[in-house]
Structures are given as C-alpha cells and as structure tokens.
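Any value given below was found using the heavy atoms of this structure, including those in side chains, with hydrogens, waters and symmetry copies removed.
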Amino acid sequence: MKTIDELLAGPVAGKRVFVRADLNVPLSGTTITDDGRIRAVLPTVKALADAGARVVVASHLGRPKGAPDPVFSLAPAAARLGELLGADVAFATDTVGESAEATVTGLADGQVAVLENLRFNAGETSKDDAERAAFADRLAGLADVYVGDGFGAVHRKHASVFDLPARLPHYAGHLIATEVGVLKKLTEDVKRPYVVALGGAKVSDKLAVIDQLLGKADRILIGGGMAYTFLKAQGYEIGSSLLQEDQLPAVAEYLERAEKTGVELVLPVDAVVSSAFPDLKAKAPTDSTSVAADAIPADQMGLDIGPETRKLYASKIADAATVFWNGPMGVFEHPDFAEGTKAVAQALLDSEAFTVVGGGDSAAAVRILGFDENAFGHISTGGGASLEYLEGKTLPGLAALED
C-alpha cells in the first residue's frame, strides 16, 4: 500500500487530488456537535494543499436515500474544514454535476473544495457493479490522483471507496496509514497482557469480534446493553434490561469457550438500574440505584455498570500492556449512567498500556465526557471498520489501495 508520503515525495503542484474523507459528523440542525472526524483528516488535506495540490474532498454524511436531502448536506462540514485550515474552502452543491465540475475547475494550486454528500447519488452505495462503476467513472473525471483517508468507510464496498481507486493512481492518506498501523499492533505480535473492553447496546454487533478475540485476548470485559444477554445466559434475572434472546445460545457457547481456553471473560457484578430509559435531552435526575447483577428487579432495567464493576474492570486493566476499548459501558449521554464509561476511560489513562479507543460511541464518549484525547494511545475514527479488521475480514477500501 503506497502512502501519501510517497505521493508528496514527487511533484503534486497543480494536480487535482481526490481525497475520500470521512466527514460523517453528528449534527444538531446545521451545528456540528463533534468535529473529531474533520480534524482527523486535516493533516492529509493540509499537507496536499501546502504542496500546491488542488484538493477535492469528498465524503458521505448520514443515510440519505440516493437523492439530495438538505438534512444531510455537507455544507456545515465544509465550513468547519475551512475554519480549521484557516483558508477558504469552496463547496460544490452536487457530486458530479455542473457545480462539482465548475468548482474543481476553478481551484488554484493549494486550494481546497468539498463536494456535496456522495450518497446523494444512488451510484455511491449501489449493489449493482455497473451502477457503481458509472458513478466512479464520473468521479474519476474530477481528479488526477486518489487519496483514501476515510477510515470510517473502508469496510463499505462503495463507489468512492472501492471502485474509484482502480481508476486513478492511489495512495493511503495519513489517517488510514495510522489506523492500519495501530490495528496491526492489536493483531500481530501483541504486547501482553492484552485486555479488551467491549460495550454498546447489541451483543449481535460484537459476536464476530468476540469469536476472534477468544483466541487472542487475555481478558475480555463486557459492559453496556450487551452485558445483559450475557447475564441472562448465566441464568440471572435481568428485569426489563436490553435482551437479545436469539443470541443466548451463541453467548452461552462463548462463555463455555472462554472457560476452556483460559480467557477471562469478565461480566458485571452490579448494575445501575432505573424504572425507565432516561430522557437524554432534558437529562433530569432519574430514580437510578445500584443493585447486584444477579438481583435486578423485574420492573427495572440496567443502564450502566455499577460501582463494584467499575473497580473490578479498572483492576483488570491496571496491569495491561495493550488495551482495546470499543463501546460505552452504559447510557453515557445521561449523567446518572455515565460513571461506568468514565471509569473505563480513566482506567485506560491510569494504565501504562498502549491504549486504543475503537471509534464510534467510544470516541464520542471520550470527548463528551471531557477526557484529553491526546492522552490515549490512539482514538480510531471508524468503530465498524476497526471491529471488522479485528474480525479478520477483508475491508474493501483497504484492498482497493493495495497494488
């Protein structure tokens, strides 16, 4: 895989460089609530602009239905990118139409443009190879060189991620090169003890990675909504907590495998429960209380790991040499249920381990809860991509960058 360093070693001034970024930022109306993904691609965009390239940045945002939808416009992201660069950024109001062509044609050396949401064109996400290829052909007409730097999308077989690199000289951007380097540290010659903390709502989202990690990790700590399916598999009463009943056989099998292979699969010993799911906007106090994990009342739901579990998980992380964390321990958006996620984040910081926060809600939690991002070894920009890499899957966007 050639990297942007090799591209920048030669002349790039005047070349149109298409940067597939991941600007899929959370929005409240037109206000960006977390600009982490924009900041993550900044080194690549700035390096190209400083070298005199005419930089064409493209991304998706949300899940529009293959047609323009102002709710999912990339205009706010383009404006924020300009603020971070300290330079004007042109914005095309379409992807491959008149505005895109005029905007790219109008770029001078060292200038940057952002195209409108790629998913406003049905060809971007089409499962039909010909439709995707046709869209990729039109995108290729806007550029001389391709730089892949949208790590959060590399697990998608989309036109701008998979098909476009085949049509242009292609390189991995700084972000993708960094992400892949970090993930190799979690899969090749891992420093031990290797501890994995997994949370989030659905156990089904994590089954494949647990399957792989049972043969690689020394300890796996389970939290979040997914923990209650594990507790149910042990025969515990979980009240009205989130349960994926169809996953109980798989979870029971993993518990058995962990015991046989000597992997510590650590479950909550207590939980913070409430009679109802909290209002995440008002954030009003709830009737939350802590109970033992095997004694959740029938009319209560678990919404965070409890104080004893926080101490337990911190102790399991303390002596680690490598830690991978993906998924919050509870409903961290509400202060009554944020302490578990805070405790795990703090345990990573207190350890001397190489720490990786696996994107998605975990990365958002780190920022929202006020932790210093630079204190962690690495915060990934792609939760789903990180998990699929650890599952051993071939990621289309990475395969497309290989020669």
Quick check: does any side chain N or O of [X] sit under 3.5 Å from a backbone N or O of [Y], one acting as donor and the other as acceptor?
X      : Y      : answer
Thr229 : Gln244 : yes
His158 : Ser160 : no
Ser99  : Ala92  : no
Ser315 : Leu312 : yes
Asn326 : Gly358 : yes
Asp94  : Glu98  : yes
Glu308 : Val269 : no
Asp163 : Ala133 : no
Arg167 : Gly141 : no
Arg138 : Ala134 : no

Restricting to pairs with a member in [range], which pass side-chain hydrogen bond (donor to acceptor under 3.5 Å, both in side chains), not counting sequence neighbours?
range            : answer
residues 65-79   : Ser73-Glu116
residues 183-195 : Arg192-Asp218
residues 356-375 : Asp34-Arg367, Arg39-Glu373, Arg367-Glu373

Heavy-atom closest pair, residues [X] and [Y]:
X      : Y      : result
Ala75  : Phe91  : N-CZ, 3.6 Å
Ala233 : Leu248 : N-CD2, 3.7 Å
Ala276 : Met301 : C-SD, 4.0 Å
Ala400 : Val161 : CB-O, 3.8 Å
Glu237 : Ala298 : OE2-CA, 4.3 Å
Thr381 : Ala40  : CG2-CB, 3.6 Å

Min side-chain heavy-atom separation [X]-[Y] under 4.5 Å:
X      : Y      : value
Glu101 : Leu142 : yes
Ile38  : Leu42  : no
Tyr389 : Val209 : no
Val196 : Val323 : no
Pro278 : Leu280 : yes
Arg63  : Arg119 : yes
Asp319 : Arg219 : yes
Phe324 : Leu387 : yes

- [ ] List the steps, then state whether salt bridge (Lys or Arg N to Asp or Glu O under 4.0 Å) holds for Lys316 with Glu264.
- [x] CA-CA 10 Å; Lys316 296 294 183 181; Glu264 283 189 76; 2.7 Å; yes

Open item on the list: My understanding is that only one of Val41, Val147, Val114 makes a side chain to side chain contact (heavy atoms under 4.5 Å, CB included) with Val57; could you say which?
Closed with: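 Looking at Val41, Val147, Val114, the match for Val57 under the side chain to side chain contact (heavy atoms under 4.5 Å, CB included) is Val114.
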
Task: Among Leu207, Val251, Leu242, Ile210, side chain to side chain contact (heavy atoms under 4.5 Å, CB included) partner for Met226 - done: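 With Met226 as partner, side chain to side chain contact (heavy atoms under 4.5 Å, CB included) holds for just one option, Ile210.
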
Task: Inter- and intrachain pairs under salt bridge (charged side-chain N to carboxylate O under 4.0 Å, His left out), touching residues 19-29, at least two apart - done: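 Residue pairs passing salt bridge (charged side-chain N to carboxylate O under 4.0 Å, His left out), neighbours aside: Arg20-Glu124, Asp22-Arg37.
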
Task: Criterion side-chain contact (heavy atoms from CB on, under 4.5 Å) on Ile296 and Val273, from CA distance to verdict - done: CA-CA 8 Å; Ile296 298 175; Val273 301; 4.1 Å; yes

For [X], is the [atom1] atom crowded, meaning more than 12 foreign heavy atoms sit under 6.0 Å from it?
X      : atom1 : result
Glu402 : CD    : yes
Asp88  : CG    : no
Gln234 : CD    : yes
Lys202 : NZ    : no

Open item on the list: Could you work out, with side-chain hydrogen bond (donor to acceptor under 3.5 Å, both in side chains) as the rule, every residue matching Thr105, not counting sequence neighbours?
Closed with: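 Residues passing side-chain hydrogen bond (donor to acceptor under 3.5 Å, both in side chains) with Thr105: none at all.
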
Task: Pairing residues for His174 by the side-chain hydrogen bond (donor to acceptor under 3.5 Å, both in side chains) criterion, not counting sequence neighbours - done: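 side-chain hydrogen bond (donor to acceptor under 3.5 Å, both in side chains) list for His174, sorted by chain: empty.
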
Open item on the list: Under the criterion side-chain contact (heavy atoms from CB on, under 4.5 Å), I'd like the reasoning laid out for Leu23 against Leu74: C-alpha separation, chi angles, the key distance, then a yes or no.
Closed with: CA-CA 8 Å; Leu23 307 181; Leu74 274 172; 3.9 Å; yes

Rounded to the nearest 0.5 Å, what separates atom [atom1] in [X] from atom [atom2] in [Y]?
X      : Y      : atom1 : atom2 : answer
Lys232 : Glu245 : NZ    : CD    : 7.5 Å
Gln247 : Phe230 : CD    : CZ    : 10.0 Å
Phe354 : His378 : CZ    : NE2   : 7.5 Å
Asp50  : Leu8   : CG    : CG    : 9.5 Å

TODO: Check the pair Thr44 / Asp149 against side chain to side chain donor-acceptor pair (under 3.5 Å), numbers first and verdict last.
DONE: CA-CA 8 Å; Thr44 289; Asp149 215 30; 2.8 Å; yes

- [ ] Go through Arg54 and Asp144 one step at a time and tell me if the salt bridge (Lys or Arg N to Asp or Glu O under 4.0 Å) criterion holds.
- [x] CA-CA 10 Å; Arg54 302 179 182 191; Asp144 305 306; over 6 Å; no

- [ ] May I ask you to check whether Thr33 and Ser28 show a side-chain donor-acceptor distance below 3.5 Å?
- [x]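 No - no donor-acceptor pair under 3.5 Å links their side chains.
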
- [ ] Assess the side chains of Thr309 and Asp270: does a donor N or O sit below 3.5 Å from an acceptor N or O?
- [x]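 Present: a donor and an acceptor within the cut-off.
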
TODO: Would you please classify the geometry between the Phe18 ring and the Tyr146 ring as parallel, tilted or perpendicular, with 30° and 60° separating the classes?
DONE: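 The rings of Tyr146 and Phe18 lie parallel, inter-plane angle below 30°.
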
- [ ] Test side-chain contact (heavy atoms from CB on, under 4.5 Å) on Arg16 and Val104 and set out the steps.
- [x] CA-CA 8 Å; Arg16 300 171 302 163; Val104 174; 3.9 Å; yes

Task: Full working for side chain to side chain donor-acceptor pair (under 3.5 Å) between Ser288 and Ser274 - done: CA-CA 5 Å; Ser288 61; Ser274 178; over 6 Å; no

Open item on the list: One pair to check against side-chain contact (heavy atoms from CB on, under 4.5 Å): Asp336 and Val272. What are the steps and the verdict?
Closed with: CA-CA 8 Å; Asp336 288 359; Val272 181; 5.9 Å; no

